[in-house]
Amino acid sequence: MKWSFDARIHRADQISKTHPAARDLLTFYRELAVFQKPIFEALRARSETGVGALAPYFPPLIELVAHLGPPGLADRGQERLPNAAAREDLLRSAWEDGAAHTLAADPIGRFFARVLLQPYAEYLASRGDVQAEPEARICPFCSSWPVAGVLHAEGDGAKRWLLCAVCSTEWPFRRVLCWNCGEENKDKLPIYTAAEFPAVHVDACDNCHIYLKSVDLTTDGHAVPMVDEIAAVALDIWAEEHEYSKLETNLLGM
Ligand SMILES: [Zn+2]
Ligand SMILES: [Zn+2]
């Protein structure tokens, strides 16, 4: 596992001090990562591979969200997932139908499912080598969509990988290629940066108007992509104002 839950928690602590505008989001994210870590560890200790093993975590998750989440989210979660049958059904459909992007029309179900599916999917992915096909549109392990790009140093430059929104597997994906529509014309693939986020930029496409944020580890080796992606929420606001949209949301649904 490239970025442990401890690394995510530490990074959220660290950058909530330097990114005051995203502090509330990072604080909530941090508590979700603290909640996810023992789930990952318990699944690993028991070699548990059944998705139903996640169902008992719903009540404490709803409680955590009631205390620390955005107003109303816990109540809506309770309404959407009133009993064990509804919870197990959500987990199974979110996992078996090729993961959370199938729940785009159900943001409440998607949020709760993904908090629990992430440590589960990461545990399953950690058990073996995932054969990543370059330029694949979906995650080679769990078929989810990417939540961000990650730039790793290679030779004198950087190579882009995509980071799965659910299991955190990475797979290589050329920089001058739109993940969504396959556009290859460099002039139609602008990259936007902002001085306040030196290690995060917007990879946009002027053909399909979709964007992904990329986290550049060659600029900041301490960055943890799933956390830095959340901290740079101002770039999402900017992108949306410029009529680009994101197909896959992060853990917080943004
Ligand atoms: Zn995946
Ligand atoms: Zn495109």
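Counting convention: from 1, in listed order, for ligands and their atoms alike. On a predicted model such as this, the values are computed, not experimentally measured, just so you know.
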**Q** Can you name the one residue among Tyr192, Tyr211, Phe197 that meets ring-ring contact (aromatic ring centres under 6.0 Å, His included) with Trp238?
**A**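 Of all the options given, the one that passes is Tyr192.
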**Q** Rounding to 10°, state the angle centred on the Zn ion (ligand 1) that links SG in Cys164 with SG in Cys139.
**A**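 Rounding to the nearest 10 degrees gives 110°.
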**Q** Which angle, to the nearest 10 degrees, do you find at the Zn ion (ligand 2) between SG in Cys205 and SG in Cys208?
**A**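 Nearest ten degrees: 110°.
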**Q** Is Pro146 close to Leu163 at the side-chain level, that is, under 4.5 Å between some pair of heavy atoms?
**A**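 Side chain of Leu163 against side chain of Pro146, heavy atoms only: no contact under 4.5 Å found.
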**Q** Less than 4.0 angstrom from a charged side-chain N to a carboxylate O is my criterion; do Asp228 and Lys213 meet it?
**A**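 Result for this pair is no, no salt bridge flagged.
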**Q** Under 2.8 Å from the Zn ion (ligand 2) - does any N, O or S atom of Cys181 fall there?
**A**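 Given the 2.8 Å cut-off, Cys181 counts as a ligand of the Zn ion (ligand 2).
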**Q** Would you call Lys246 and Glu229 a salt bridge, using N to O less than 4.0 angstrom?
**A**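 Looking at Glu229 together with Lys246, the answer is yes, because their closest N to O distance falls below 4.0 Å.
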